[in-house]
2 protein chains.
Amino acid sequence: MKSKVTIKDVAQKAGCGVATVSRVLNGTGSTSEKTRKKVLAAAEDLGFVFSDIGRSLQSSTTRTIGCIVPSLANPIFADAVQGIQEEVQKQGYQLLLACSKYDAEEEQNVTRLLIAKQVDGIILTVNDTGTSKALDMIRDRGIPACLMFNRSVSDFPASGIDNFAAAHRVAQALHAEGHHHTGFLALNFQSSDRSRERFMGFQKGCQSFGMAEPVLLQIEEQSGDLSLLLHELLAAHGGLTGIFASNDFLAIAAIREAKSLGRQVPQHLSIVGFDGIEIGRMVDPSLATIETNARQMGCMAARHVLARLVNDAKSDTLKLIEPDQKALRLPYHFRSGGSLAPPEVKTTDGEEAATSSPSCHPTPSISS
Amino acid sequence: MKSKVTIKDVAQKAGCGVATVSRVLNGTGSTSEKTRKKVLAAAEDLGFVFSDIGRSLQSSTTRTIGCIVPSLANPIFADAVQGIQEEVQKQGYQLLLACSKYDAEEEQNVTRLLIAKQVDGIILTVNDTGTSKALDMIRDRGIPACLMFNRSVSDFPASGIDNFAAAHRVAQALHAEGHHHTGFLALNFQSSDRSRERFMGFQKGCQSFGMAEPVLLQIEEQSGDLSLLLHELLAAHGGLTGIFASNDFLAIAAIREAKSLGRQVPQHLSIVGFDGIEIGRMVDPSLATIETNARQMGCMAARHVLARLVNDAKSDTLKLIEPDQKALRLPYHFRSGGSLAPPEVKTTDGEEAATSSPSCHPTPSISS
DNA sequence: CTGAAAGCGCTAACAC
DNA sequence: GTGTTAGCGCTTTCAG
């Protein structure tokens, strides 16, 4: 293990003071061509790289942005982080990544760690903006931050879409196809304000369009096997013709489980997702969903935080410019797909009207 | 912007020296119950959190692990990073994440940044182990590191599967179904040693099983729209009955493009992927592929690096223990799927035998 | 049991 | 132009 080579080593080898080395290598101040050469040579020779920690200590800035997401397993977050990463790297910052595992306590822990690491800014998705201790800690210290996926609160701007409106839009889509009895499928409903917002928007939508009150189908992640729980849940709610899942991952899993229950999608059951992950286009049937741009969302959040950083740096105390637009609302749109179609019409005595099926059997004759 | 609260502030408020504060808060040394209380109260009151950078400067350790992957857009890397993240966080370290964008120069740049940040260890996937300057820099400094997905080289252990053998297995699978004329579809072939290894394994496999030499179908990512390029490539190679794509993402895209060309998968063309991403199970037809556990791969890599860290710390100079096993070979297996089936047999004059369409016609009567 | 002080790598004032 | 030095936040001797 080679011991690290410091500015002193370079200075010694170049036969000059450390300040000169700093000046040459940073291009600050003026130096004679001669010493300049010597320093450059020495540095090159020793493979010298400035230690950011020494520099940070002195400048009280780390050029590091912290990021907290629940998990990278859901591509929606991976995409967002990718967006952040690109933007941050482009501007010469680095990314300190942490995961909260959908857990409020862990969220607070990792926040503390990021703060200890003196990150210059933080981009995060919290479980619940209303109760997050992480946000309190960040606010206390006045660290520039931006939320993602969450709704904007108090001092924190947020990059994301209007969950309520988008969910409302889903209700419209289901209504347009003639659905009446629907359900909202949520994972970890209690601990996700995003999920709750979507439910509320959907609920409101169903109401507006004269549909039945949507049934809330909750699954707690830690309570067991997802497939199994889904299976049971779907089996228990055979009366629904349409389900709105709070995210695409869940929607795709639901399609699979519905199939395994012998319920054809969309003939027997329509399913709509949320997020618009790429895979949704490729599954069969393709997933009807709300399409969002997570990458862009991360990018916007990063850009916002980074902008505040340079801003703070410039006008130190007198921050008159940029009145901090709170919500970075990104566009979304409803993407239609094979998983959403009109429900089979049943007569009151339970007999169904003829409908067409997609593949071979032109008319499934169903009688009870 | 509140100025940061330092150990001095706490000392002042508690009416004692900074050393005492350090001792109390770190639980080192002994202190009277009285001052102890005062310090604790003061710290709590001020919301004090130790600055890691001061601490790092003094200990020349950052409790940070650097990670470099080409991109997070491919779920295989996102999964691996998730695995690293979990393991690292569990052991009280933090993750500094960087992306190389499949670019050797960028790879070197971000490596330099991680080194400047004084990461204690590095986990990375490089474009080409043979030519990577990043590896040189890391080696020069003796930073504990572990490769992922790449093959183990010189001083670097690697966490991953045996690409050659796995690709060989794919040839076997195609052969078993009766394929003869096959192609290997690669994205950025030149800059990926993983891709090349897979090709070689496949090539060797084809040879062993008496199949025709596989055609190499290359796509350079920067040269335009992936769909379009794929489309053209597939159109130009109508003679092939089976294609082995160097990763699942590519395979899924290929299925889509094949379909849009009117070539049914698997009736007209079989496609096999590599990686085993979750989505592969859900697409239609389901993807035959080599299944790997990226999460585990990241986890193993992290564990390895972390182990070296504590090891180095313990036995400083005398590192007799752990003879550094080089390759952390993880298991893989071939997953069959709907995208792989026997090819349609054509008569020599180019006329096709009657075949079945996927859904309704039960028995494909194949005659030559 | 506790405080003073050195020193980690670096930058920026300040002398020369 | 260039060297010396203080000091960023912390831990760790070393005295007291």
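Note on naming: letters A, B, ... go to the chains in the order of the sequence lines (proteins, then strands), and numbering restarts at 1 for each one.
Contact between the side-chain N/O atoms of A/K34 and the OP1/OP2 oxygens of D/dG1 is not found at any separation under 4.0 Å. In this model, the phosphate group of C/dC1 is approached by a side-chain N or O of B/S30 to a distance below 4.0 Å at OP1 or OP2. Remark: A/T35 is in phosphate contact with D/dT2, judged by side-chain N or O atoms under 4.0 Å from OP1 or OP2. Residue B/T20 has no polar side-chain atom (N or O) positioned under 4.0 Å from OP1 or OP2 of C/dT2.
Contact annotation for B/N26: backbone-only contact, meaning every heavy-atom pair under 4.0 Å involves sugar-phosphate atoms and none involves a base. At the heavy-atom level, B/G17 lies under 4.0 Å from the strands shown only through sugar-phosphate atoms. Contact annotation for B/T28: no contact, since no heavy-atom pair falls under 4.0 Å across all strands.
Closest contact between the side chain of A/S32 and the listed nucleotides C/dC1, D/dT5, D/dT2 involves D/dT2. Distances from the side chain of B/V18 to the nucleotides C/dA5, C/dT2, D/dG3 place C/dA5 closest. Taking the side chain of B/S51 as heavy atoms from C-beta on, and the options C/dA4, C/dT11, D/dC10, the nearest nucleotide is D/dC10. Closest to the side chain of B/F50, out of C/dT11, D/dT2, D/dC10, is D/dC10. Looking at the side chain of B/T31, the nearest of the listed nucleotides D/dG1, C/dG9, C/dT2 is C/dT2. Proximity note for B/L57 (side chain, C-beta onward) versus C/dG9, D/dG3, C/dA5: the nearest is C/dG9. Of all nucleotides listed (C/dA12, D/dT11, D/dG9), D/dT11 comes nearest to the side chain of B/R55.
Looking at B/K37 and B/E33, a side-chain N of the basic residue comes within less than 4.0 Å of a carboxylate O on the acidic one, giving a salt bridge.
Nucleotide C/dC10 holds its C1' atom 16 Å from the CZ atom of A/R63, rounded to whole Å. The interatomic distance linking B/L25 (CG) with C/dT2 (C1') rounds to 16 Å, in whole Å. Here D/dG9 presents its P atom at 10 Å from CZ of B/F48, a figure rounded to the nearest Å. Distance A/Q12 CD to C/dC10 P: 14 Å, rounded to the nearest Å. If you measure from atom CD1 of A/I7 to atom C1' of C/dA12, you get 12 Å, rounded to the nearest angstrom. Going from atom CG of B/D9 over to atom C1' of D/dC10 covers 13 Å, rounded to whole Å. For the pair A/I53 CD1 and D/dG7 P, the interatomic distance rounds to 20 Å; values are reported in whole Å. The distance from atom NZ of B/K8 to atom P of D/dC10 is 10 Å, rounded to the nearest whole Å.
Each of B/S59 and B/C16 was assigned the nucleotide of DNA chain C with the nearest heavy atom; the assignment lying further toward the 5' end belongs to B/C16.
Expressed to the nearest 0.5 Å, how far CG of A/D120 lies from OG1 of A/T61 amounts to 3.5 Å.
A/T35 and A/S32 form a side-chain donor-acceptor contact under 3.5 Å, judged by distance and modelled atom types alone. Side chain to side chain, A/R194 and A/N127 fail the donor-acceptor criterion of an N or O pair below 3.5 Å. For A/S154 and A/R139, the side-chain atoms include at least one donor-acceptor pair closer than 3.5 Å.
The minimum heavy-atom distance linking A/M297 with A/S159 is given by the pair O-OG, 2.7 Å.
You'll find a donor-acceptor pair under 3.5 Å spanning the side chain of A/R23 and the base of D/dG3, going by distance alone. Applying the 3.5 Å distance criterion, the base of C/dG7 shares a donor-acceptor pair with the side chain of B/Q58.
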